[in-house]
Amino acid sequence: MVHSSFSASLCARVPLVGKQELLEECAGGIDEEDELEEEQGFQEEERDYIDEIYMIIDAVVPRTDRPKLRALTARVWLLGLIFGTALCIANTLFSFRTNTLVFPAIIPVLLAYPCGKFMEKLPRGVFNPGRFNHKEHALIFVICSTMAQPPYALYNIVAQRYMIMSKDADVMSLSLASAIMFAIVTQCLGYGFAGLTRRYLVRPAVMLWPANLSIIAMLNSIHRREDVSKGQYPMSRFRFFWLTSSAMFFFTFLPQYAAPMLGALSVICWAVSNNPNPETRRIALALGSSSPGGGVGFLSFTLDWSLFSTNFAPITSPLWAIINQFVGTWLFCFIVVPLCWWFSVFGGDQIVGQNTLYGFALNTAFLYNKNGTKLSAARFVGDNLALNTSFYDTNKPIYITTSFAIIYLSSFMVFTSALVHVALWYGKDIWNRFRASMSELDMDDIHAKLMSVYPEVPDWWYFGMVGIMSFAGIMVAEIGGFELPWWSVMVAIVLALVSMVPIGIIQAISGQQIGLNVMSEFVIGLILPGRIVAVMAFKTISYMSMYQGLNFTSDLKLGHYMKIPPRSMFMAQLISTIWAAIVSTTCACALFQLFGRDDQGNWKLANMPDHSEWNLQGYQVFFSAGALWGAIGPARFFGPGSPYSATLYGFLVGAALPIIPWTLHKLQPDSWWHLINVPLMLVIPQNPYSQQSNLITPLIVAVAVNYFVKKYRTIWWKKYAYVMSAGFDCGSSLAVLIVCFFAKFQSNFLRPFPPWFLNPADNERCLPANVLQCLAHKTMGNGFNQTYDALMDPACIEILSRK
């Protein structure tokens, strides 16, 4: 069980040393009497803290090991690669969804068990080396976890191959071989970084990586047959998983198909959507609507688990981290954004999107001209993949929505606040560990002792990985069509490596990751202005190397907890990483080819309507950012005289804010200031152009499960909470996948559900009734292999001309 004081401890100062070492350090001699008294108090506080850390770990991680158990067997490769490939294909498809959804890798933990037990019954041999054990099971999870998340390079590849419309096909072409190699390089660089930083992010006991605790609890419950409820709740976790998964599977068909309004319950809209006063209706829509192209989603709720499970993970994330995150998200999205929009802080806030159905644009990721008209990001790219200066000069100043601007402000603040936060709370410990990195500082930790019986992966393996992939990255960047100079590849690698430890510490204690994508765009945009392809490639290398490195680090910590031989982990992660890059890249490119082009020669999949649940939100954001930072450049867009130059103050504000709670905690050690985690509060996990009705429900779920249920039904929470989360993820993901293929996959296969009260055309009943009626005509007219003819519906021509 995760104890109630877990939240307070994790967001306070976390030492990076072993238990015994810390206590010895705290007991060191101090001559001055007053300092001795203070140090004794510190020693007692730290002893209590370290004891609690070990209590948390001991609740789910046994202090035993069986070194003779087989780990990386042929059975592991077979089941891991089959499940991993299926996850990779499904999640690659889901990456095109308006709100990101992924099949979590925890699902194979449950599905692989009956498969492994079945293989026990085969004749002894390659695929049946003996009893299916927990180490094999954990390695299957590691393989699937590595393959579950499509490579971030996919965004770069899709934008370059299918969104940049250059007249010179040879200039913009990107071969499939180059694309796959680029994906492999960015993935494997992160793998090398994970190995090089494992002394700081894996070996210290206090680097918990809390997401792993649920996996370990699940594996223990399956293989150890322990009933933590002592008969109070006799239903097995396995059966409970299938019940919750089935229930969520059938329920998800309602918000995803038959009753989409259940996914966007916009309270404000219900009251004023048909108000005769246009200005009142416009303000209400800006606050209450949550659809892509609409407003900020204030007082908008969702009953669709698939809309928030991936971004927020309300059950498996620590409650303190969720609260920190939502305080900041609500502050930015519900207060700062509306105020900046109302007062036109950035100059063109209320001009942007005035010719749309909503009469404004807040929740989009597009670029707009001086008149507020949406522009295609591709038009900023000239024939030589540089800025189209004539098009830019005609349309400048270029605007983005207020939400998009605040997200950039948040990103600037997050980067500097993370560095300062880690320096203040963990700087001394990082330095001590760095100075003694060649010694075995963690040998007093029982889990480090148990792992010492296995041959360690030599550092030169990881150095070799980074060296080989750096060389491969230079080659593919120079000659593979990415227009990136060799030296900029090295800058990207250094930026990722320097950022990995401070950002990794925050993720290790909170389960929440802070991105490096905006900072990398800022750096390369200044160095190589006007080169969109180079900027996108640099961003991908730097951000993905760090992001993937932290994912690998999390899996290394899981291997540490489960006592998996390090060299087995190395091989499992490496092979699955390379295979995932090949599968995901090929799948995405095949999907574009399957949808084909429209009459204008544009790729259909890249031009889905705003209200589609598959509008490529993540790819649109990536491409718009590429045009903004690459073609236009930060000097033009954020420099002096730009409407958004004030957002650069975010770097200074972000650096200053962590000092406040740290100082107050020093002055008042017994107060609650240590609960304030500034970087987490400054993160906005939601991208623009996604469904914004998911900014309240996750917190309700988190408080209900991780406070009330945990407090009043502790045994039930301990046995079923994480299983319930996995069941909900599995059921909702399967339902979304079926609805996609059955009703929304391609224009010739559209099967829209007939309009009714819970199926309005905008999914939330925010737009006026006449607009909803016209949108419904168009939706049904384009369904069932038919084509909507606007001339046959003259009353709707003017309405539908607004986009």
Side-chain angles (χ1 to χ4, degrees), residues 1-3 6 56-57 59-62 83 87 101-117 132 134 137-138 140-142 144-145 148 208-252 305-306 308-310 312-319 322 511 554 558 561-562 698 700-735:
M1 180 182 71
V2 180
H3 297 266
F6 182 29
I56 293 167
I57 297 173
V60 292
V61 182
F83 282 122
L87 279 177
L101 174 67
V102 298
F103 271 107
I106 194 175
I107 294 174
V109 172
L110 295 151
L111 299 182
Y113 182 70
C115 297
K117 298 303 288 183
F132 184 62
H134 66 280
H137 210 165
I140 290 172
F141 170 78
V142 168
C144 293
S145 175
L208 286 176
W209 295 92
N212 285 328
L213 300 179
S214 63
I215 305 298
I216 297 167
M218 183 79 67
L219 291 170
N220 288 339
S221 70
I222 293 174
H223 289 272
R224 293 178 177 268
R225 298 296 184 183
E226 295 175 347
D227 184 5
V228 296
S229 70
K230 307 300 182 184
Q232 185 175 354
Y233 301 104
M235 183 183 296
S236 68
R237 284 184 170 110
F238 198 72
R239 185 180 180 188
F240 185 78
F241 168 81
W242 287 113
L243 288 176
T244 54
S245 180
S246 299
M248 182 58 72
F249 172 79
F250 290 110
F251 174 78
T252 301
W305 179 266
S306 70
F308 60 82
S309 62
T310 298
F312 298 102
I315 295 178
T316 57
S317 294
L319 182 59
I322 290 286
S554 178
L558 178 69
Y561 285 145
M562 298 300 297
I700 297 174
V701 172
V703 172
V705 174
N706 287 333
Y707 179 75
F708 288 103
V709 175
K710 181 180 176 183
K711 181 176 181 180
Y712 297 106
R713 293 292 185 271
T714 304
I715 301 299
W716 189 97
W717 180 91
K718 182 177 180 180
K719 185 171 184 178
Y720 295 126
Y722 292 135
V723 182
M724 181 174 67
S725 176
F728 285 172
D729 286 344
C730 181
S732 62
S733 299
L734 285 173

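Computed from a prediction, not measured in an experiment: that's the story for all the values here. Quick note: residue numbers are just sequence positions, from 1.
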> If you take all heavy atoms of I140 and A112, which pair is closest and at what distance?
Replying inline: CG2-CB, 4.0 Å
> Does V709 have any side-chain contact (heavy atoms from CB on, under 4.5 Å) partners at least two apart in sequence or in another chain, and if so, which?
Replying inline: R713, W716, W717
> Rounded to the nearest 0.5 Å, how far apart are NZ of K710 and CD1 of I715?
Replying inline: 12.5 Å
> Which heavy atom in S732 sits nearest to a heavy atom in M248, and how many Å separate them?
Replying inline: N-CG, 3.7 Å
> Which heavy atom of C144 sits nearest a heavy atom of F83, and at what distance?
Replying inline: SG-CB, 3.5 Å
> What pairs with S246 under side-chain contact (heavy atoms from CB on, under 4.5 Å), at least two apart in sequence or on another chain?
Replying inline: none
> At their closest point, which heavy atom of G727 faces which heavy atom of T244, and how far apart are they?
Replying inline: CA-OG1, 3.6 Å
> What's the shortest heavy-atom distance between N706 and P314, and which atoms?
Replying inline: ND2-O, 3.2 Å
> Who are the ring-ring contact (aromatic ring centres under 6.0 Å, His included) partners of F132, not counting sequence neighbours?
Replying inline: H137, H223
>> Just to verify, what does S145 make a side-chain contact (heavy atoms from CB on, under 4.5 Å) with, not counting sequence neighbours?
In response: A105, F141, D555
>> Just to verify, what does S554 make a side-chain contact (heavy atoms from CB on, under 4.5 Å) with, not counting sequence neighbours?
In response: W209, N212
>> Looking at every heavy atom in both V723 and F241, which two are closest together, and how far apart are they?
In response: CG1-CB, 3.6 Å
> So do the side chains of M235 and L243 get within less than 4.5 Å of each other, counting heavy atoms only?
Replying inline: yes
> Just wondering, more than 12 heavy atoms not from F251 lying within 6.0 Å of its CZ?
Replying inline: yes
> Measuring from W242:CH2 to L111:CG, what's the distance to the nearest 0.5 Å?
Replying inline: 5.0 Å
